[in-house]
Protein chains: 2
Amino acid sequence: MRPLNGERAGVVTLADVAAEAGVSLATASRALNGSSRRVGEDLRLRVAEVARRLNYAPNAQAQAMARGRSDVVGLLVHDIADPYFSSIAAGVMQAAEEHRLLVTLVSTQRRYGTEAEHIAMLRGQRGRAMILVGSRTRDRDATELLRQEIGTFTEAGGHVVAVSQRSFPVDTIVVENRAGARLLGHELTTLGYERFAVLAGPPELLTARDRLQGFRDGIARAGGGLLPAAVVTGPFTRDGGYAAMTELIARDLQPQCVFAVNDVMAVGAMAACRDHGIELPRDLAVAGFDDISTLRDITPGLTTVRLPLEQMGALAMDLVVTAEPGGSPRVRRVRGEVVVRASTPAR
Amino acid sequence: MRPLNGERAGVVTLADVAAEAGVSLATASRALNGSSRRVGEDLRLRVAEVARRLNYAPNAQAQAMARGRSDVVGLLVHDIADPYFSSIAAGVMQAAEEHRLLVTLVSTQRRYGTEAEHIAMLRGQRGRAMILVGSRTRDRDATELLRQEIGTFTEAGGHVVAVSQRSFPVDTIVVENRAGARLLGHELTTLGYERFAVLAGPPELLTARDRLQGFRDGIARAGGGLLPAAVVTGPFTRDGGYAAMTELIARDLQPQCVFAVNDVMAVGAMAACRDHGIELPRDLAVAGFDDISTLRDITPGLTTVRLPLEQMGALAMDLVVTAEPGGSPRVRRVRGEVVVRASTPAR
DNA sequence: TTGTATGCGTTATCAC
DNA sequence: GTGATAACGCATACAA
């Protein structure tokens, strides 16, 4: 029933398999994992049978050490419970499965300053690559630390893919936040809106900044403008959106339309409106950014800028597996598409 | 600037640090990682300084091999984009961070039959533990395969925590699906509903089955009953809920209340109702199960059975870190709490 | 307190 | 085609 060779009970190693099959370690290794050297068909079958019978699973750690390369990819997100990140992660996971790669997940829980630390942990794992998802920050020191961490990882032969801004010389999926927000601003103006406010997210996040600037551009080009004191900052979360909207309501600026720079905030903002007796979209129009899956089920339908989140995750993994040893950084641009829904009816 | 010893460029090893600091490998090891043996303060400082300067990060794989234990925990979910799983995962991640553990994520993407395979991959990683989240199935063969995989993992010293049903002799967070659904059924009956239908999820999932049975119990005890032909099965997804509801509508049974056995399905069902001109809750009451975070923002508010999802994730990780070597399996029961919202007004 | 030597499980480089 | 054996990077038992 149990392996006969009574070493540390239960841990079946390649040596166990080799012994049981009556072959050398080398042969067992070659028989199980496709080496360039071929192994006699009879032996290979015997070894495979023994391995199956003993429930042998190769020690991936040892393999990684011996081979000098691993099948683990690190994935860094800001918050795995946030649908933005979980959708991207789903894309990553699917692609990982296709390529038989394993994903080690790390979440900063929106403590942006800790990214370097988390990356260092991933670096310790000696994975073949890391995928860094989420906005970069404006913090000089933190960014420098990140650059350092990323540098030592790449110099050690690791591959890095970033999803957000191109802040480092690594493969990057650039989200065209500015352009997307510009298009949205333009569209909203076309719909007849003139008096805008913005829930702008955390000022230190480049994504938040870019979307705000893009939106400003978009409405300015169309001849509109932001109300004075109409930009409220706050965390990139549902509750952050709620709080920011509450603050905005308190300022009593009477905007016609509020742009929350991501959907999660927009959803929170809509809740704040409900709680303050503001009926959407009659009393106020709202728009977001990302098109998270949640939006399918909220009322009124939220106008937003659609990002192909799952695809972005898959694309990131694609950049990992197609990476050339000495290749220079590649950039893939992802453009957002404005989706107009009931939350911003034409005026 | 770069390490002087020109081995495989960029890969700083402990040997590099030791050489640069002019100490032995053993001393360097002891200085950096808290060994029981103490090291002279001067040396420890020197080694630490060199390590920092060279940007040394210990090779976790090598450490794991040498120590015979690893700091990696495998996490298996059915679909990381599903808010049920992403919330639990968030709890796991937070606890992981506190204990300085790394999490390797695997997603079956709801191909329930592939769990054993995925577990085998995790087993290959030689992590210290695995957390298996999500319903077990009724499939005898698949379950036997799982038992086998889990067995070899535990016999090799790995720890396993399951979140769902107690199908294996491992630490388990048992979700009291039956009791929760029973309470819900009772509550809905109390509210005056009599003619029920159920969107029952995939018949092979124990969670789906238990919730259906519990609900049946609950309404039976209160003197009610299910309509004939009022149980529609379907995938545990938003679209599954949509399809199941559409089917139910086609059957034209005129139920007063529909219980979708999880919130994700319920949300899809609500969308189907909208698309078919059924106004909620006027024309039909709807209830779900789980209390996923999405519910905060859908209208009408969905009556459901609340599960402390994040806490469950954290608890799972807690069972991992508090595991005793020879300890017998522990069981933690999680009871759902009925939350009545606008989707099921009193009749 | 510090250093030397061995082992962890596997692959790869040699011989045969 | 098959079998010894030296790495891989680190921890630790044993020596000093």
Side-chain angles (χ1 to χ4, degrees), chain A residues 3 5 7-8 10-47 51 54-72 123-128 156-157, chain B residues 3 5 7-47 51 54 56-72 123-128 156-157:
Chain A
N5 25 7
E7 329 239 324
R8 300 206 321 293
V11 199
V12 180
T13 80
L14 186 58
D16 298 330
V17 175
E20 182 83 3
V23 300
S24 75
L25 201 56
T27 301
S29 172
R30 293 192 275 250
L32 291 177
N33 317 329
S35 159
S36 56
R37 306 184 86 77
R38 291 277 290 259
V39 142
E41 197 55 14
D42 50 341
L43 280 193
R44 107 169 286 116
L45 284 177
R46 188 153 90 227
V47 173
L54 298 190
N55 242 298
Y56 168 73
N59 182 328
Q61 320 226 31
Q63 284 185 319
M65 282 196 54
R67 288 179 171 147
R69 67 192 157 75
S70 122
D71 290 333
V72 172
R123 186 156 67 86
Q125 286 306 111
R126 298 292 190 275
R128 75 159 59 172
Chain B
N5 25 9
E7 330 238 324
R8 299 207 322 292
V11 199
V12 181
T13 81
L14 185 59
D16 298 331
V17 175
E20 182 82 2
V23 300
S24 76
L25 202 58
T27 301
S29 172
R30 295 191 273 251
L32 292 177
N33 317 329
S35 160
S36 56
R37 306 184 88 75
R38 290 277 292 259
V39 111
E41 196 55 14
D42 48 342
L43 281 192
R44 105 170 287 116
L45 284 177
R46 188 153 90 226
V47 173
L54 298 190
Y56 168 74
N59 182 330
Q61 319 226 30
Q63 284 187 317
M65 283 198 57
R67 288 179 171 147
R69 64 189 161 76
S70 121
D71 289 335
V72 172
R123 187 156 65 86
Q125 285 305 112
R126 297 293 189 276
R128 76 159 58 173

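In what follows, chains carry the letters A, B, and so on, assigned in the order in which the sequence lines appear, proteins first and then strands, with residues in each chain numbered from 1.
Put simply, CG on B/Leu25 and CG on B/Leu14 are 5.0 Å apart, with the number rounded to the nearest 0.5 Å. Rounded to the nearest 0.5 angstrom, B/Asp71 CG and B/Arg128 CZ are separated by 5.0 Å. For the atom pair CD of A/Gln61 and CD of B/Gln63, the computed distance is 10.5 Å after rounding to the nearest 0.5 Å.
Partners of A/Arg46 according to the side-chain hydrogen bond (donor to acceptor under 3.5 Å, both in side chains) rule, which considers only residues two or more places apart in sequence or in another chain, do not exist here. Here B/Ala60 pairs with A/Gln125 under the side chain to side chain contact (heavy atoms under 4.5 Å, CB included) rule; sequence neighbours left out. With sequence neighbours excluded, no residue forms a side-chain hydrogen bond (donor to acceptor under 3.5 Å, both in side chains) with A/Ser29.
Distance B/Asp71 CG to D/dA11 P: 11 Å, rounded to the nearest Å. Put simply, CG on A/Leu45 is 15 Å from P on D/dG1, counting in whole angstrom units. Taking atom CG of residue B/Asp16 and atom P of nucleotide D/dG9, one finds them 8 Å apart after rounding to whole Å. Here the P atom of nucleotide C/dG9 and the CG atom of A/Leu54 are 15 Å apart, to the nearest Å. Regarding B/Met65, its CE atom lies at a distance of 9 Å from the C1' atom of C/dG7, rounded to whole Å.
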Check residues 38-45 of chain A and write down every donor-acceptor pair under 3.5 Å in which the side-chain atom is one partner and the other belongs to a residue at least two apart or another chain.
| from | atom 1 | to | atom 2 | distance (Å) |
| --- | --- | --- | --- | --- |
| A/Arg44 | NH2 | A/Ala31 | O | 3.0 |

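By the 4.5 Å heavy-atom criterion applied to side chains, B/Glu20 and B/Val12 are not counted as neighbours.
Note on A/Ser24: every side-chain N or O is 4.0 Å or more away from OP1 and OP2 of D/dT2.
Note on the helix from C/dT1-D/dA16 to C/dC16-D/dG1: angle between the axes of the first and last five pairs equals 40°, rounded to 10 degrees.
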Just the atom pairs and distances: protein N or O near nucleotides 10-13 of chain C's N or O, under 3.5 Å.
| from | atom 1 | to | atom 2 | distance (Å) |
| --- | --- | --- | --- | --- |
| C/dT10 | OP1 | A/Tyr56 | OH | 2.5 |
| C/dT10 | OP1 | A/Asn59 | N | 3.0 |
| C/dT10 | OP2 | A/Leu14 | N | 2.3 |
| C/dT11 | OP1 | A/Asn33 | ND2 | 2.3 |
| C/dT11 | OP1 | A/Gln63 | NE2 | 2.8 |
| C/dT11 | OP1 | A/Arg67 | NH2 | 3.4 |
| C/dT11 | OP2 | A/Ser29 | OG | 2.5 |
| C/dT11 | OP2 | A/Asn33 | ND2 | 3.3 |

